[in-house]
Amino acid sequence: MKKYKALLIAASVTIALGGCVSTNDKKDANTVTPSNNIQSMVTPQTAVMSTAGEGEITLERIMSDPQWIGALPTNMGWSVDGSAIVFEREKQNSTLTDVFAVEASTLKNEAKVPLADMHKYRFDERVVRDDGVVAYTFEDSVYVQFINGNTVQLTRGGNALSTLSFMTDGRLMALSGNKFIAIDLTNGVREELVSWEFEDKPEPVKPAKDYIAQEQQSLIEYIKLQRQISEERDSASAQLAAANKGVAPEPFYFDKSHRLAGISVSPAGNYAVVATIESKPSRDDSDIMPHYIQEDSRIAAKSVRQRVADAEPVNHELWLLNLSTGEKQALNYFDLPGYNDDVLADVKTENAKANGETYEVNRLPRPITLLQSWYWTKPSIRWHKNGNAVAVMLEAWDNKDRWIATVDLDNKTLENQHRLHDDAWVNYRFNSFDWLNNSETLYFQSEHTGYSHLYLQTPGEAPVALTSGNYIVDDLTLTADDKYIYYKANSEHPGIYEIYRVNTQTKAIDTLTDLNGITDYTLSPDDATLLLSHSKVNQPAELYVKSSTGQQKAQQITSSTSDDFASLPWAVPQIVAIESSHTDAPIYARVYLPEGYDSTKKNKAVVFNHGAGYLQNAHMGWSGYFREYMFHSMLVQQGYVVLDMDYRASAGYGRDWRTAIYRQMGTPEVQDLRDGINYLVENANVDRERIGTYGGSYGGFLTFMSMFTAPDLFAAGAALRPVTDWAHYNTPYTSNILNTPDVDPIAYERSSPIYFAEGLEKPLLINAPMVDDNVFFHDTVRLVQRLIELEKEDFETAIYPVEPHGFVQPSSWLDEYRRIYKLFEENL
């Protein structure tokens, strides 16, 4: 292995857990030291920095109900009027939460919000009119807060109103069932703007369906008269509706075999854009999961999602509705560049060749849909607040293209503004888009440079980059005056996320936080204050407040961790850049060194594989894998070295890192694990024969792939809630990376552990929850049967009858980690 200059960052522990805010400068708290190896970079005293506690970390403690850590603040936000900071804390001995508020002006008087006042502090939707009037939803009601401070309850129960927005004439618009209505807040008058039905349009008379019906209508005068009366009544109703606003507009009718996929109405109330989709089951009757532990001692059959192996292409039909004339016009995709490209031609050719066949390129239109993000709930249709411009974000079902297009309302056509193409797959993150408030200018995220960045674009012109560089920009907030867009980014270091803002006119970027860890934010309603959630590697997130101008240091307003938590010696890993044998970019990893680290002693080690695939864990904040972090601290206390790698496919490092696994899941990651092991052997004096590995979900899959395809790497491994065959996983995630099994079986067979099970040589533990509707228990059952048929001996399986994908019961957590710990103790 080549020598390299490593980047190591020691996480800050200058804030005492449960104490007040630190004012230490970040550059003192974290060192960046180029060196050749760990020994020269880390002394025994700094290898494991800890809190003041000296107690023993035990499995019984760290796998118990996490309430012992403290009542941590979650779901931060602002009250409806912006006068209070709002957050939640879990109730003691309960899974429910209480809502708390702190006065924003004084940052004092934290108090639990009374249930009777909850609607003043919590809301589901909130919209603001130009004059400052606020409308919002809470539970079953809609409220309006006027500029004089008075709040009026507009509805209580009845047909739920949602998708609130204000119209150009000041009325409140809302979705109610299968219609959009407008409400005049001065007098309460409601108007139906548009409604829709998925059925044949009623006709006063129907044409003859066959010969005898035709003859009946021509021969019998009574039939002729009845048809004439029906036509006259229909004509009279149409004339009344056209002349008198006392009649609601006629519904728009759509194919009765379809259903609604999305709708958005112009703030001017004159147009709507609608997407429809063929209505068919999303799952088969056989897509069930048995749940064995029930109150009646019977077995319940729970419905679960479809497998990607059963997925069929999905297409949305897009329509422009003229609400003034009743005209309905299809918006076709023919003007989108690449709409009929055969983007999978090479893949299909390779698979055909493997079957002794040939493939001919086709140029048929591709199925295209509104982009459906896991990060928003409203359809990807954005009207400008003036009601004169609308943009849609579309994606190809094959995951290779994403378009932002505007609608030419006069010519009733789509006009492409930005196409993002990726030969692997377009990221399901980093797709925020909308209009500036005061000009018909789009702002959006795109990963087309290899990293998610922020752009402005006047339709018809080229996009203008507001940010650039080898870092990630996310979580956008536009100010009311359009002057700034706030965002979160890891521009300083891949594992450090701070808050920034960019001036939309000058492109000047202001750094707003310097907290050195993981920081999230929400901007106050008046754009003046940042509410922050900040964590460090050994400290869960607490809340901070600062001015949005960047001129003031952040002030901590919560302190939530318990004395019990603070009393224990939590390890602080080093963030190390490990040289890769297969890419120019380094592999970032957390390295935990044992207490009293002795560079001359051969060490045993554990490698943790994080889940989700596209997730980042080698960062400077509190990990979502907090139990695993505490487990690693326990291992460190007992003399283990621990390695936690952001292997290729992990988030935070750009497009190329993400897509390295395209059509070959489990290959780049295992290569990276080998580089990590070589690093530990050469720099932390780890015994190559005494290294174990474990991980859950994607981490369980990766444990399998390393144990099956590279049996020399690890002496033992534990796979938790693991994927064993990607053809059985879901469509939205899997089809991005491996296409679909009917198109690309090579990719599935290359990437699924069940095809490599004969490679198992070392002890393997498989821990499987039985009511997992994410990675089915069926995955484990099939692999275990395969191992039995291969006559493998050194594996065991533990099942958890009541657990979903993310374990809930502390007893299950404890049992699982006792087994993992025992595996390592016996084999390392």
Side-chain angles (χ1 to χ4, degrees), residues 162-163 165 167-168 173-182 191-207 231 234-245 247-280 314-336 339 365 367-372 378-384 386-394 403-416:
S162 63
T163 319
S165 64
M167 302 179 68
T168 54
M173 181 164 56
L175 173 65
S176 176
N178 70 327
K179 62 191 70 174
F180 268 90
I181 62 171
E191 177 187 353
E192 182 180 305
L193 299 173
V194 60
S195 64
W196 54 92
E197 300 286 349
F198 287 91
E199 59 184 44
D200 294 332
K201 182 177 180 179
E203 298 179 79
V205 296
K206 296 181 180 180
E231 288 177 332
D234 184 71
S235 177
S237 295
Q239 292 174 20
L240 178 63
N244 194 306
K245 288 189 176 296
V247 181
E250 183 181 49
F252 286 86
Y253 291 92
F254 296 92
D255 189 330
K256 62 184 178 183
S257 69
H258 281 219
R259 59 178 173 82
L260 189 69
I263 181 171
S264 184
V265 179
S266 164
N270 53 351
Y271 286 99
V273 174
V274 173
T276 68
I277 182 176
E278 185 179 357
S279 183
K280 56 185 180 181
V314 174
N315 186 72
H316 288 173
E317 293 184 3
L318 205 61
W319 303 87
L320 177 65
L321 310 186
N322 187 319
L323 307 190
S324 301
T325 66
E327 179 185 7
K328 180 179 72 173
Q329 176 65 47
L331 297 170
N332 65 59
Y333 301 129
F334 300 156
D335 292 327
L336 298 179
Y339 82 97
I368 293 173
T369 68
L370 290 177
L371 188 140
Q372 300 177 72
K378 294 182 180 180
S380 298
I381 307 168
R382 303 285 187 268
W383 285 94
H384 192 277
N386 65 18
N388 298 325
V390 61
V392 296
M393 181 173 281
L394 303 163
W403 299 270
I404 299 175
T406 52
V407 180
D408 185 326
L409 298 176
D410 294 327
N411 295 316
K412 306 175 185 65
T413 57
L414 291 176
E415 296 185 339
N416 179 66

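None of these values were measured; they are calculated from a predicted model.
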Problem set entry | Polar side-chain atom of S279 near backbone of R259 as donor-acceptor pair, under 3.5 Å | no
Exercise. Sub-3.5 Å donor-acceptor pair from the side chain of N411 to the main-chain atoms of T413, do we have one?
Worked result: no
Exercise. CG/L260 to NE2/H316 distance, rounded to the nearest 0.5 angstrom?
Worked result: 9.5 Å
Exercise. In Å and rounded to the nearest 0.5 Å, what is the OG to CG distance from S176 to L193?
Worked result: 11.5 Å
Exercise. Side chains of D335 and E415: closer than 4.5 Å at any heavy-atom pair?
Worked result: no
For this session: Kindly indicate whether the side chain of F198, heavy atoms from C-beta on, has any atom under 4.5 Å from the side chain of T276.
Result: yes
Exercise. Which heavy-atom pair separates S195 from P249 by the least distance, and what is that distance?
Worked result: OG-O, 4.4 Å
Seminar exercise, completed: CG (L414) and CG (N332) are apart, to the nearest 0.5 Å, by 7.0 Å
For this session: Determine, for Y253 and K328, whether the Lys NZ or Arg CZ falls below 6.0 Å from the six-membered ring centre while staying within 45 degrees of the axis.
Result: no
For this session: Enter the distance from I277:CD1 to D255:CG here, rounded to the nearest 0.5 Å.
Result: 12.5 Å
Problem set entry | Short side-chain to backbone donor-acceptor contact, N315 and I368, under 3.5 Å | yes
Problem set entry | Contact check, side chains of W319 and F252, non-hydrogen atoms, under 4.5 Å | no
Exercise. Side chains of Y333 and L318: does their closest heavy-atom pair fall under 4.5 Å?
Worked result: yes
Exercise. Is there a side-chain contact between L370 and L394 (heavy atoms, below 4.5 Å)?
Worked result: yes
Seminar exercise, completed: CG (L320) and CG (L331) are apart, to the nearest 0.5 Å, by 5.5 Å
Problem set entry | Shortest non-hydrogen contact between M167 and M173, atoms and distance | CG-CB, 3.8 Å
Exercise. Angle class for the W383/Y271 ring planes (parallel below 30°, perpendicular above 60°, tilted otherwise)?
Worked result: parallel
Exercise. Taking all non-hydrogen atoms of both residues, which atom of G387 and which atom of P267 are closest, and how far apart?
Worked result: CA-CD, 3.7 Å
For this session: Report yes if the side chains of L175 and S162 come closer than 4.5 Å at any heavy-atom pair, otherwise no.
Result: yes
Problem set entry | pair F180-I263: side-chain heavy atoms closer than 4.5 Å | yes
Problem set entry | Other residues, nucleotides, ligands: >12 heavy atoms within 6.0 Å of K201 NZ | no
For this session: Mind listing the closest non-hydrogen atom pair of L336 and A405 along with its distance?
Result: CD2-CB, 4.1 Å
Exercise. Without hydrogens or angle criteria, can the side chains of S235 and E231 be said to hold a donor-acceptor pair below 3.5 Å?
Worked result: no
Exercise. Just by modelled atom types, is the W196 backbone N or O under 3.5 Å from a matching donor or acceptor in the N178 side chain?
Worked result: yes
Exercise. How long is the span from the CG atom in N270 to the CG atom in N322, to the nearest 0.5 Å?
Worked result: 7.0 Å
